[in-house]
Amino acid sequence: ARNLSEPDKSIELDGRRIHLAFTHNDFEKGNELGTKLLDENSDDVRLQLQHVRTLRHLLTDKSFDVDFFEGILVHWQDKARDTSDPLVFLRSSYNYLYLGSHLLDSSMWTFRAREGFNSVLSDKEFLRYFPQAYQGLYMVYLMDYDYTELLGILRDWVRHDQSLRSRELYLRELMRCGYLDEGYQTSLDYIRDNPHALILRDLSLQLEVARWKRAGGNHDEALQILKSYQYECQNHSDDALVTLDMALALYHFGIVMQSQEMYSKCSKAFQRALRQSENHPDFIIQALKVPLFAASMNSREVTHVYSKQRTLLEKGLSEHPNHDSLSYSLGKICIECEQDVHEGHKHLLKAITMNPELEEANLPLGQYWYQQGDMRKAYHYFLKCIEGPVSVENFHKVVELLQRIV
């Protein structure tokens, strides 16, 4: 395709080749392609950061002498001293984040990485690079197991970057730290900005239930809250999003209260939301909660969770055959339930090939290779999971898996 394309398309296709090499753990090829492409496009921040990640995996494989990687650290640190180019600061900082964390002691690599990221953030002229700098700074503190600054970094990050990822991380960190009122109010603001981001609606309900539990978990209060959702449903009977809110409320409150009546209403609300949304893929993914609710009520239902979720996803894929999130969700449940794992592996690779941003697919891909006994592949996929910003809970989960392999 690259050889047949117009010149202005070749860079994009080269980027896809690098992504494929990275996805399939062919880091030597990824490094070769990345080095060549960066010689021609050194100002592409996405390519620069992808190249550092590739080098990190080559380092863990001991593909080159340690001197080679130490030389990269020194080369970019020297460049950073003699320039005011924010991209050089970023590249040097990410070198310390991804390479230095393997080569240097903690105080050295964290100091150098923070220094570069803060150099970018200290100048408003570098505003376009702020998201990458905040992301890197967040990762420095996360990888150094210093969680005291995470909330402050996220507060600044979401002010400069209204991406769904940064907002989701911020809400999860507010919940982890126990700032439930702030988290709940913030989630409502985010939903007003982006009503179709269903993950925000789900997080909002989780925060609301956490507030209710902290206040004592009174059942009558829960029923009053649910009545308010029911009232909204009656006033907006054709709105799929309002119906979904009702379904999510019944799920999150009902799973705590273990109410059979709530389960029945929850199941019907999800069915109605699916009809109203015309089986939108994002609604299908949220509806995967129904079999989980059933299993929490009745232990005999545990054995049916996988088949019910799979049926729902396969129906969705028959209507949306190339939807990355549906493929990811199907692959994930296959791996986690340890059924049809080879089929699950294929769906996961398809999903992340279609959408390189779907980094969460690396976790079940790692689990697949762990089950197959290929620890090298498992290690690389798990490592990829924590090369981008993740929640503290997910970070610990992946680090534990990495330590098991080591």
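Any value given below was found using the heavy atoms of this structure, including those in side chains, with hydrogens, waters and symmetry copies removed.
The backbone N or O of D26 sits nowhere less than 3.5 Å from a side-chain atom of H24 that would complete a donor-acceptor pair. A donor-acceptor pair under 3.5 Å is formed between the side chain of Q276 and the backbone N or O of S237. Side chain of Y381 to main chain of T23: a donor-acceptor pair is present (N/O by atom type, distance under 3.5 Å, no hydrogens or angles). H323 places no side-chain N or O within donor-acceptor distance of the main-chain N or O of D282, the cut-off being under 3.5 Å. Counting only distance, with no hydrogens or angles, the side chain of E28 and the backbone of S63 share no donor-acceptor pair below 3.5 Å. A donor-acceptor pair is defined here as one N or O able to donate and one able to accept, closer than 3.5 Å; such a pair exists between the side chain of S307 and the backbone of H304. At least one donor-acceptor pair closer than 3.5 Å links the side chain of T243 to the backbone N or O of D239. Looking at D123, its side chain does come within 3.5 Å of a backbone N or O of E125 through a donor-acceptor pair. Between the side chain of Q162 and the backbone N or O of R159 there is at least one donor-acceptor pair closer than 3.5 Å. Proximity of a side-chain donor or acceptor of H236 to a complementary backbone N or O of E232 within less than 3.5 Å is detected.
Shown here is K350, whose NZ atom has more than 12 heavy atoms of other residues, nucleotides or ligands within 6.0 Å. Heavy atoms from other residues, nucleotides or ligands lying under 6.0 Å from CZ of R81 number more than 12. At most 12 heavy atoms of other shown residues, nucleotides or ligands fall within 6.0 angstrom of atom OH in Y231. Within 6.0 Å of CE in M375 there are more than 12 heavy atoms belonging to other residues, nucleotides or ligands.
With a 4.5 Å cut-off on side-chain heavy atoms, V341 and Q372 count as touching. A 4.5 Å side-chain heavy-atom check between N355 and Y328 finds every atom pair outside the cut-off. In this structure, the side chains of L401 and Y370 stay at 4.5 Å or more apart for every pair of heavy atoms. Using a 4.5 Å heavy-atom threshold, the side chains of R165 and V390 count as touching. Between D181 and R214, the closest side-chain pair of non-hydrogen atoms falls below 4.5 Å. Side-chain contact check for L365 versus I335: every heavy-atom pair is 4.5 Å or farther apart. Counting heavy atoms from C-beta outward, Y96 and L104 have side chains that approach closer than 4.5 Å. H345 places none of its side-chain heavy atoms less than 4.5 Å from the side chain of P364.
Smallest separation of non-hydrogen atoms from P356 and R16: CG-NH1, 3.0 Å. The shortest non-hydrogen separation linking S204 to S187 is OG-OG, 2.9 Å. Counting all heavy atoms, side chain and backbone alike, L363 lies closest to V398 at CD1-CG2, 4.1 Å. Contact between C334 and Y306 at its shortest, heavy atoms only, is SG-OH, 3.5 Å. F89 and S119 get closest at one heavy-atom pair: CD1-CB, 3.9 Å. Shortest non-hydrogen contact noted between V120 and P86 is CG2-O, 3.7 Å.
Contact check on E173 versus R176 returns a salt bridge, with a Lys/Arg side-chain nitrogen under 4.0 Å from an Asp/Glu carboxylate oxygen. A salt bridge between K315 and E319 is absent, with no side-chain N of the basic residue lying under 4.0 Å from a carboxylate O of the acidic one. A salt bridge does not link K79 with D85: every distance from a Lys NZ or Arg NE/NH1/NH2 to an Asp or Glu carboxylate oxygen is 4.0 Å or more. Ionic pairing of E301 and K308 is present here: one or more N-O contacts between side-chain nitrogen and carboxylate oxygen are shorter than 4.0 angstrom. In this structure, E393 does not pair ionically with K397, as no charged nitrogen and carboxylate oxygen lie closer than 4.0 Å.
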* To do: Given salt bridge (Lys or Arg N to Asp or Glu O under 4.0 Å), test E208 with R211 step by step and report yes or no.
  => CA-CA 5 Å; E208 189 168 17; R211 291 168 76 219; 5.4 Å; no
* To do: Report the C-alpha distance between R310 and D340 in whole Å, list the side-chain angles of each, state the deciding distance to 0.1 Å, and finish with yes or no for salt bridge (Lys or Arg N to Asp or Glu O under 4.0 Å).
  => CA-CA 11 Å; R310 177 158 188 159; D340 305 311; 2.8 Å; yes
* Derivation of the side chain to side chain contact (heavy atoms under 4.5 Å, CB included) call for Y251 and L205 -> CA-CA 9 Å; Y251 170 76; L205 259 303; over 6 Å; no
* Which is it for R155 and E182 under the salt bridge (Lys or Arg N to Asp or Glu O under 4.0 Å) test, yes or no, and what are the steps along the way? -> CA-CA 12 Å; R155 277 203 179 100; E182 181 184 350; 2.9 Å; yes
* For the pair L58 and F68, evaluate side chain to side chain contact (heavy atoms under 4.5 Å, CB included) and give the outcome as yes or no after the intermediate values. => CA-CA 11 Å; L58 290 171; F68 170 77; 5.9 Å; no
* Please walk me through it: do K384 and R53 pass side chain to side chain contact (heavy atoms under 4.5 Å, CB included)? -> CA-CA 8 Å; K384 290 175 196 177; R53 289 180 69 187; 3.9 Å; yes
* Determine, stepwise, if the pair E400 / R404 fulfils salt bridge (Lys or Arg N to Asp or Glu O under 4.0 Å). => CA-CA 6 Å; E400 186 183 332; R404 261 188 238 165; 3.3 Å; yes
* **Derivation of the side chain to side chain contact (heavy atoms under 4.5 Å, CB included) call for Q260 and N298** => CA-CA 10 Å; Q260 187 67 44; N298 183 349; over 6 Å; no
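Note: N194 CG to D189 CG = 13.0 Å, rounded to the nearest 0.5 Å. For the atom pair CG of L288 and CZ of F270, the computed distance is 9.0 Å after rounding to the nearest 0.5 Å. Between the OH atom in Y138 and the CG atom in L169 there is a gap of 5.0 Å [rounded to 0.5 Å]. Rounded to the nearest 0.5 Å, atoms CZ (R91) and NE2 (H51) are 6.0 Å apart. Rounding to the nearest 0.5 Å places CD of Q48 at 8.5 Å from CG of N95. The distance from atom CH2 of W157 to atom CG of L121, rounded to the nearest 0.5 Å, is 11.5 Å.
Here the two rings, on F27 and H380, have centers that are under 6.0 Å apart. Y229 and H252 have their aromatic ring centers separated by at least 6.0 angstrom. Ring centroid separation for the pair Y170 and Y179 does not come in under the 6.0 Å cut-off. With ring centers used as reference points, H102 lies 6.0 Å or more from W109. Residues Y94 and F117 place their aromatic rings such that the two centres sit under 6.0 Å apart.
Side-chain polar atoms of D202 and Q206 form a donor-acceptor pair below 3.5 angstrom. Using modelled atom types and a 3.5 Å distance limit, the side chains of E387 and H57 yield a donor-acceptor pair. Side-chain atoms of S107 and D105 form a donor-acceptor pair, as typed in the model, at a separation below 3.5 Å.
Here the options are T186, D193, D161, the test is side chain to side chain donor-acceptor pair (under 3.5 Å), and the partner is R167; only D193 passes.
Stacking of K377 on the aromatic ring of Y368 is not recorded, the 6.0 Å distance cut-off and the 45° axial limit not both being met.
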